[in-house]
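FYI, side chains are in, hydrogens and waters are out, and symmetry mates aren't considered; it's all heavy atoms of this structure.
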Amino acid sequence: MTEQGTEQDTKEQDQSRGMRLAYYPGCVSKSTGKEMDLSTRAVCSALDIALEELEDWNCCGATHVANDLISVGLAARNMAQTDLPIMTPCAICYSNLRSAARCMDEPTVRAKVNAALTKKYSGAQVKHVLDVVIDALSKDPDKVAVPLTGLKVAPYYGCLMTRPRGGIDSPEYPTILEKLIRYLKADPVNFRLKTFCCGGPIFTTEQQAAEDVAYQILSEAKKAGAEVIVTLCPLCHLMLDAKQKSLETKRGETFGIPVLYVTQLVGIALGLGPDELGLNMNSVSPVPIIDKVYESMT
Amino acid sequence: MAEIGKDKDAGFLKEVVRLAGPEVRTCIQCGTCSASCPTASLMDKKPRQIIKMVLECRKDEALSAKSPWFCTSCQACVVRCPRGINPRAVMSAVREICEHEGRVPKDLSYDEIFQRQVRENGRVSELQISGEYALANPKSTVQAMELGLEMVPRRKISLERVKVKRPEEIERIFEELGKA
């Protein structure tokens, strides 16, 4: 597939308050990424963004569908279900939808794929929740009710948030997450491995290799002095949070670094409660950072 | 497929080009892909070497390499390749050819199980995938249970059966686009 064409912008929607978006939660929102889904819904509601879940969404294929045209077809079926901009909290779904939208700019690909679809694709605007949240906060910074003053946050983009090229930020040195962290009055640490892959896509099949990669990322976050790592992808979250304890045991090192979805971190700053954000679902307890944040307020 | 030497197979290059794009023919062997790859240090043959094998039609060597199974699809190579090649797609293509020819190094590949679930249900359930993979690859059971112990008490395992409302459309995507 060639890289021609730009991101679809044919369905530019009103960006002001009270906006409506189509919501594509992705498969993990029902299981290992439940807190991602919960916190996304809670944060959007607090920011006056109405989410309409796609009526019959399907899996994007993640990184496990080798045939690119089938991948495009799966993504296009989702995008064809709405005329609203589509938002997802998952960087993998986001990357797949974006790649597909770009491929569908080519008339031959679009014709082939549309022939297999019941509802035809005619263009789409794809957003990650990071996009939406940063936009809302830039317009209404007063929404930050609980400033995260002094909290040291490692901005972890992972691989697919900025890839393929042409999306939300540079694939080599993105800074948009740092911008959001500053909106929340927290301090982004200098995190060298911020776009390094977490190893997640191969953790079942090549456990050792995946753990080596995740270990490097956690070590780097610790070296950088991070008190919390913020993630944009459920697989990154799983590798760094759910597997952190087992990595500590295997490598004989202590990390104890909470890993929050970006919507959980934003939710804390908006003053939302732990249950609304699913904070009790994280493996490494985020209680110490919440204590710190509220202490600094008093 | 045409044999053009005792270990060369011209059809192999053609098939990779079909799956991964014609740009692969323009590779200058600069090694940027290998240098960018987060798992290259763990690979027997680096991405640059796999591409060289493809270009030289050394199918047997390419299909015997373990490296395509270490690719995480992170696309670091894709955004950096100075020739606009998609090395990630080359790795996927080699894996797909392995699957077609029954040369998957694992008893049953994870991608195969994942794709079958997407094809049948339109969505995936992590519990079902891990379960099926563990049955075929008993060595992975320990890791699956370790993760289960993290997820179950946090209610992050779903027993719900997932299925889209219009599975026939998903079947058409796999059937028609798979052979296009």
| Part of residues 34-52 of chain B lying next to chain A, heavy-atom separation under 4.5 Å | B:Pro38, B:Thr39, B:Leu42
| query | Could B:Glu101 and B:Lys59 be called an ion pair, given the rule that one side-chain N must be under 4.0 Å from one carboxylate O? | reply | yes
| field | A:Cys27 to B:Val124 - nearest heavy-atom pair and separation | value | SG-N, 3.4 Å
| said: What part of A:Leu238 gets within 4.5 angstrom of chain B, counting heavy atoms only: side chain, backbone, both, or neither? | reply: side chain
| field | Heavy-atom contact with chain B under 4.5 Å, split by part of A:Gln208 | value | neither
| field | Residue, of B:Arg80, B:Glu150, B:Lys156, that accumulates the most heavy atom pairs under 4.5 Å with chain A | value | B:Lys156
| Side chain / backbone / both / neither for B:Arg88 at chain A, heavy atoms under 4.5 Å | side chain
| note | Per-residue tally against chain B (heavy atom, under 4.5 Å) across A:Ile70, A:Asp56, A:Thr63 peaks at A:Asp56
| Between A:Val65 and chain B, which part of the residue has a heavy atom less than 4.5 Å away: side chain, backbone, both or neither? | both
| said: With a 4.5 angstrom heavy-atom cut-off, is it the side chain or the backbone of A:Arg77 that approaches chain B, or both, or neither? | reply: side chain
| note | Between A:Cys59 and A:Leu74, the two heavy atoms sitting closest are O-CB, 3.8 Å
| task | Indicate the atoms forming the closest heavy-atom contact of A:Ile257 with A:Ile229, along with that distance. | result | CG2-CG1, 3.8 Å
| query | Measuring heavy-atom distances to chain A, does B:Phe174 have an atom under 4.5 Å in its side chain, in its backbone, in both, or in neither? | reply | both
| task | Report the option among B:Arg166, B:Lys139, B:Gln115 that has the most heavy-atom pairs separated by less than 4.5 Å from atoms of chain A. | result | B:Arg166
| So, are B:Glu56 and B:Arg58 salt-bridged, with charged N and O less than 4.0 Å apart? | yes
| query | Between A:Thr195 and chain B, which part of the residue has a heavy atom less than 4.5 Å away: side chain, backbone, both or neither? | reply | neither
| remark: Greatest number of non-hydrogen atom pairs under 4.5 angstrom with chain B, of A:His64, A:Gln216, A:Met281, A:Lys112, falls to A:His64
| query | Minimum heavy-atom separation for B:Arg95 to B:Pro68, with atom names? | reply | NH1-O, 2.9 Å
| query | Which residue out of B:Leu147, B:Ile157, B:Asn86, B:Val162 racks up the most heavy-atom pairs below 4.5 Å with chain A? | reply | B:Leu147
| query | Who wins among A:Gly200, A:Ala116, A:Cys159, A:Pro201 for the most heavy-atom pairs under 4.5 Å with chain B? | reply | A:Ala116
| Given that the side chain runs from C-beta out, which part of B:Glu176 has a heavy atom under 4.5 Å from chain A: side chain, backbone, both or neither? | side chain
| Within a reach of under 6.0 Å around NZ of B:Lys14, are more than 12 heavy atoms found that belong to other residues, nucleotides or ligands? | no
| For B:Glu146, is it the side chain, the backbone, both or neither that has a heavy atom under 4.5 Å from a heavy atom of chain A? | side chain
| Under the side-chain hydrogen bond (donor to acceptor under 3.5 Å, both in side chains) criterion, do A:Tyr24 and A:Asn78 qualify, and how do the steps go? | CA-CA 8 Å; A:Tyr24 175 38; A:Asn78 286 321; 3.3 Å; yes
| request: Tell me, out of B:Ala93, B:Ser140, B:Ala76, who's got the most heavy-atom pairs with chain A below 4.5 Å. | output: B:Ala76
| field | Evaluation steps, side-chain hydrogen bond (donor to acceptor under 3.5 Å, both in side chains), between B:Ser158 and A:Ser31 | value | CA-CA 5 Å; B:Ser158 169; A:Ser31 52; over 6 Å; no
| field | salt bridge (Lys or Arg N to Asp or Glu O under 4.0 Å) contacts touching residues 207-216 of chain A (sequence neighbours left out) | value | A:Glu211-A:Lys243, A:Glu211-A:Lys250, A:Asp212-A:Arg251
| remark: Residue from B:Lys66, B:Gln117, B:Glu96 scoring the most non-hydrogen pairs under 4.5 Å with chain A is B:Glu96
| Out of B:Glu132, B:Glu171, B:Glu99, which residue meets the salt bridge (Lys or Arg N to Asp or Glu O under 4.0 Å) rule with B:Arg116? | B:Glu132
| field | Proximal component of B:Ala89, with respect to chain A [non-hydrogen, under 4.5 Å] | value | side chain
| task | Using a cut-off of under 4.5 Å on heavy-atom pairs, state which of A:Thr118, A:Leu193, A:Val28 scores highest against chain B. | result | A:Thr118
| Approximate separation, where rounding is to 0.5 Å, of A:Thr40 OG1 and A:Gln264 CD | 9.0 Å
| request: Verify side-chain hydrogen bond (donor to acceptor under 3.5 Å, both in side chains) between A:Tyr261 and A:Asp37, making sure each step is shown before the conclusion. | output: CA-CA 10 Å; A:Tyr261 284 103; A:Asp37 178 56; over 6 Å; no
| field | N-O pairing of B:Glu175 and B:Lys179 below 4.0 Å | value | yes
| remark: Okay, B:Val118 and chain A: the region with an atom under 4.5 Å from a heavy atom over there is side chain
| said: Give me the atom names and distance for the closest heavy-atom approach of A:Gly26 to A:Ser29. | reply: O-OG, 2.6 Å
| said: Let's test your reading of the structure: which of A:Val213, A:Thr204, A:Asn67, A:Leu160 forms the most heavy-atom pairs below 4.5 Å with chain B? | reply: A:Thr204
| Minimum heavy-atom distance between B:Thr72 and A:Gly199, given as atom pair plus value | CG2-CA, 4.2 Å
| Best-contacting candidate, A:Glu35, A:Gln207, A:Lys30, against chain B by heavy atom pairs under 4.5 angstrom | A:Gln207
| task | Flag yes if more than 12 heavy atoms outside A:Lys245 fall under 6.0 Å of its NZ atom; otherwise flag no. | result | no
